[in-house]
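Since we're looking at a predicted model, the values are computed, not measured. Below, all heavy atoms of this structure are taken into account, side chains as well, without hydrogens, waters or symmetry copies.
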Amino acid sequence: MLFALLCKDKPGHLNVRMDTRPTHIEHLNKLNAEGTLKIAGPFLDDDGKPCGSLIIVEAESKEAARALADADPYAKAGLFESVDVKAYNWVFNKPEA
């Protein structure tokens with residue numbers, strides 16, 4: 001099942017995002033190699049600066065998706081103000097469809 005991880009950065013934490021980005025990318029590359037990661041990228045504020053993340057993963061359950069979100073280096077660094085985990089149904093432009 002697919003889950004969307006909707007992550008909102010804490011205000012004034014861009015430095016945490018930038019400092020942690022290399023380990024975050026490494027983490028996403030690992031999930032991608034395992035076939036778990038489907039889509040990932042930052043939300044941008046009005047100035048074009050990252051202010052959150054959208055990550056779509058395949059997981060057995062909402063709890064497993066939450067565990068993936070908690071394992072993200074950004075989450076461990078305290079970047080996120082909130083992380084919402086929602087079941088997701090990829091309908092249009094899905095590569096496997």
In this structure, are over 12 heavy atoms from other groups packed under 6.0 Å from R66 atom CZ?
yes

Hey, quick one: are [X] and [Y] part of the same hydrophobic cluster, counting side-chain heavy atoms closer than 4.5 Å, chains of contacts allowed?
X   : Y   : answer
I55 : F3  : yes
M1  : L31 : yes
L28 : Y74 : yes

Can you give me every donor-acceptor pair (side chain of residues 79-89, partner residue at least two apart or in another chain, under 3.5 Å) with its distance?
unit_1	atom_1	unit_2	atom_2	d
E81	OE2	K8	NZ	3.3

With side-chain contact (heavy atoms from CB on, under 4.5 Å) as the test, would you mind laying out the steps for V57 and L2 before giving the verdict?
CA-CA 6 Å; V57 296; L2 296 178; over 6 Å; no

Taking only distance into account, with no hydrogens and no angle test, what donor-acceptor pairs under 3.5 Å do side-chain atoms of residues 11-18 form with protein atoms, sequence neighbours excluded?
unit_1	atom_1	unit_2	atom_2	d
H13	ND1	P11	O	3.0
R17	NE	D9	OD2	2.8
R17	NH2	D9	OD1	3.0
R17	NH2	D9	OD2	3.2
R17	NH2	G52	O	3.0
R17	NH2	S53	OG	3.1

Restricting to ring-ring contact (aromatic ring centres under 6.0 Å, His included), what partner residues turn up for H27, sequence neighbours left out?
none

List, one per line, each side-chain donor-acceptor pair under 3.5 Å for residues 38-51, sequence neighbours excluded.
unit_1	atom_1	unit_2	atom_2	d
K38	NZ	G35	O	3.0
K38	NZ	E58	OE1	3.3
D45	OD1	D47	N	2.9
D45	OD1	G48	N	3.0
D45	OD1	K49	N	2.9

For D70 and A75, work out which heavy atoms get closest and say how close.
O-CB, 4.0 Å

Residues in side-chain hydrogen bond (donor to acceptor under 3.5 Å, both in side chains) contact with K30, at least two apart in sequence or another chain
E34

Quick check for you: to the nearest 0.5 Å, what is the distance between L68 atom CG and D72 atom CG?
9.5 Å

